[in-house]
Amino acid sequence: MPELPEVETIRRDLDGSVTGLKIKSLVFESDKEIKNKKDHFNDVLIGNKFKEIKRVGKLLIFELDNPYFLLIHLKMTGQLIFCSKNKFIAGGHSLEKGSLVEDVGGDLPNRYTRVIFNFINGDKLFFNDLRRFGYLKLVKKEELEEIISKYGIEPLKVDFTLENLKKVLKNRKASIKSILLNQNLISGIGNIYNDEILFKAGIEPERPANKIKTKEMGKIISSANKIIKKAIKNRGTTFSDYTDGQGRKGNFSNFLKVYGREGEKCKRCSGIIKKIKVANRGTYFCPKCQK
DNA sequence: AAGATTGTTGCTTA
DNA sequence: TTAAGCAACAATCT
């Protein structure tokens, strides 16, 4: 389940390796994962190059050397794996920690490969997606800007301030967890980092957002910044499916403090980690030290 | 074999 | 008009 740190890891892996390569051909397994017609994809991409790869929230933005942008969303099980002269360089969904792409289960393409980008120098970029929720979409600048404008404030960015968070939480009766999951309000946080952030901040996930005190908001901001920075540094979390742009697992899994630890001892107090449902999502927290 | 898994959309209800 | 809650989506695992 790639969230901000995982998508950012992939972005960094691909930006600089896949950029500048001329696209020779495209292979689509079906038309399910592309939001435009195949012909349009071929027309816009073949013979062209990606100039730069950007990211907003969990969305990857490949800027082309023409008026188009290729948007790729990995949703839950998407992977992007760059293969340079049979050496795997970049990834997306889950494997053995530190392992190479071979661990995706052998050669690429595999049974979950949905799209292949063939470059003229022989390099390849594979888009794999077990559950087929991810998508590729071509847009022009105008549509891109409209899409970007809907994303909320993002951790690590300058506008992730106490003042802005206050505005977001004000008058919201929903749980703090559901607000942090809402990409239109705050972007990039998914289920795993949500639980980790609220654990570090000492806040119970079901607390109504409008009851969060200013001091606690400060804790949310500092916790989010610290956790996300550390996660990026460790190339993301592999809980089930994520791999980096080289088909390797992320190392942040070793640093998870609550997620997936139901029934285990709290790492901060003597409590036992409990699992409940919040915002329809599996939610882990310590009832003793998260208030 | 039903239920859980999760990111996002879109529907329904208030 | 907006917010909140939840089903739906796909495929797999338990």
Side-chain angles (χ1 to χ4, degrees), chain A residues 1-11 29-35 55-61 71-80 92-95 104-105 110-115 127-137 139 143 146-152 154-155 167-198 205-212 228 231 236-243 250 252-253 256 258-263 274-284:
Chain A
M1 311 124 242
E3 304 179 30
L4 193 161
E6 290 74 37
V7 179
E8 176 62 16
T9 299
I10 294 165
R11 189 199 68 76
E29 187 225 16
S30 76
D31 51 16
K32 266 208 119 171
E33 28 281 323
I34 53 174
K35 300 228 172 189
R55 178 191 59 75
V56 174
K58 304 169 195 168
L59 182 68
L60 284 166
I61 303 164
L71 308 182
I72 300 185
H73 202 301
L74 302 170
K75 290 284 183 88
M76 269 110 62
T77 56
Q79 302 178 320
L80 279 171
H93 152 34
S94 104
L95 307 176
V104 180
N110 61 28
R111 60 188 290 216
Y112 304 124
T113 299
R114 312 299 181 195
V115 183
F127 173 74
N128 300 336
D129 189 12
L130 183 150
R131 277 156 78 179
R132 295 177 178 275
F133 278 5
Y135 65 82
L136 285 70
K137 184 182 187 181
V139 296
E143 194 180 350
E146 202 193 316
I147 290 168
I148 290 176
S149 73
K150 289 182 183 148
Y151 278 85
E154 183 169 315
K167 275 186 213 161
V168 169
L169 302 188
K170 200 181 171 189
N171 299 330
R172 298 257 171 197
K173 293 174 192 159
S175 65
I176 182 64
K177 169 149 183 175
S178 76
I179 300 300
L180 293 181
L181 278 175
N182 186 333
Q183 303 299 300
N184 304 125
L185 302 175
I186 293 160
S187 57
I189 297 173
N191 201 38
I192 296 176
Y193 291 104
N194 204 312
D195 285 4
E196 294 297 315
I197 290 164
L198 290 177
E206 283 186 296
R207 285 263 304 281
N210 59 3
K211 298 277 172 60
I212 303 291
I228 288 170
T237 300
T238 295
F239 197 77
S240 62
D241 294 301
Y242 163 79
T243 68
F252 193 71
S253 333
L256 293 177
V258 272
Y259 189 84
R261 299 192 64 247
E262 182 183 17
K274 209 173 155 188
K275 184 184 183 189
I276 58 172
K277 257 207 187 315
V278 181
N280 247 329
R281 295 287 173 248
T283 300
Y284 301 86

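Worth saying up front: this structure is predicted, and the values here are computed from it rather than measured. These values consider heavy atoms only, across backbone and side chains, with no hydrogens, waters or symmetry-generated copies.
- Of the residues A/Thr113, A/Val115, A/Ile34, the one that meets the side-chain contact (heavy atoms from CB on, under 4.5 Å) test with A/Phe127 is A/Val115.
- Counting only heavy atoms from C-beta outward, the side chains of A/Lys137 and A/His73 never approach each other to under 4.5 Å.
- Between A/Asn171 atom CG and C/dT1 atom C1' there is a gap of 15 Å when expressed in whole angstrom units.
- Nucleotide C/dA11 holds its P atom 10 Å from the OH atom of A/Tyr112, rounded to whole Å.
- Judged by distance alone, the side chains of A/Tyr193 and A/Glu6 do bring a donor and an acceptor atom under 3.5 Å apart.
- Side-chain atoms of A/Lys177 and A/Asn191, non-hydrogen and from C-beta on, do get closer than 4.5 Å to each other.
- At a threshold of 4.0 angstrom between heavy atoms, the contacts of A/Arg281 include nucleobase atoms, whether or not backbone atoms are also involved.
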Polar atom pairs between nucleotides 11-14 of chain B and protein, under 3.5 Å, N or O only, would you list them?
none

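- Remark: A/Tyr135 is not in phosphate contact with B/dG7, judged by side-chain N or O atoms under 4.0 Å from OP1 or OP2.
- Between the side chain of A/Ser187 and the backbone N or O of A/Gln183, no donor-acceptor pair lies under 3.5 Å.
- Each of B/dA4, C/dA11, C/dA4 was ranked by its minimum atom distance to the side chain of A/Lys275; first place goes to B/dA4.
- With hydrogens and angles left out, the side-chain atoms of A/Lys275 and A/Thr283 include no donor and acceptor closer than 3.5 Å.
- Computed from coordinates, the A/Arg132 CZ to B/dT5 P distance equals 24 Å when rounded to whole Å.
- With centroids closer than 5.5 Å and planes inclined by less than 30 degrees as the test, A/Phe133 and the base of B/dT8 fail to qualify as a stacked pair.
- Heavy atoms only, all atoms of each residue included: A/Leu181 and A/Ala279 are closest at CD1-CB, 4.3 Å.
- Between A/Arg172 and C/dA3 there is a side-chain polar atom (N or O) within less than 4.0 angstrom of OP1 or OP2.
- A/Leu198 places a side-chain heavy atom less than 4.5 Å from the side chain of A/Leu180.
- Distance NZ (A/Lys35) to C1' (B/dG7): 12 Å, rounded to an integer number of Å.
- For the pair A/Lys58 and B/dT8, the criterion of a side-chain N or O lying under 4.0 Å from OP1 or OP2 is met.
- Here A/Lys32 lies in heavy-atom contact (under 4.0 Å) with sugar-phosphate atoms only.
- Rounded to an integer number of Å, the gap from CG of A/Asp129 to P of B/dT8 is 13 Å.
- At B/dT5, one or more side-chain N or O atoms of A/Lys277 fall inside 4.0 Å of OP1 or OP2 (strictly under the cut-off).
- The side chain of A/His73 has B/dG7 as its nearest neighbour among B/dT5, C/dA11, B/dG7.
- Between the CD1 atom of A/Ile179 and the P atom of B/dG7 there is a distance of 16 Å, given to the nearest Å.
- Taking atom CD of A/Glu3 as the reference point, atom C1' of B/dT8 lies 13 Å away to the nearest angstrom.
- Nucleic acid contact for A/Arg111: sugar-phosphate only, since backbone atoms but no base atoms lie under 4.0 Å from a heavy atom of the residue.
- Nucleic acid contact class of A/Asn280 (heavy atoms, under 4.0 Å, all strands): base.
- At whole-Å resolution of the value, CZ in A/Arg131 and C1' in C/dA11 are 6 Å apart.
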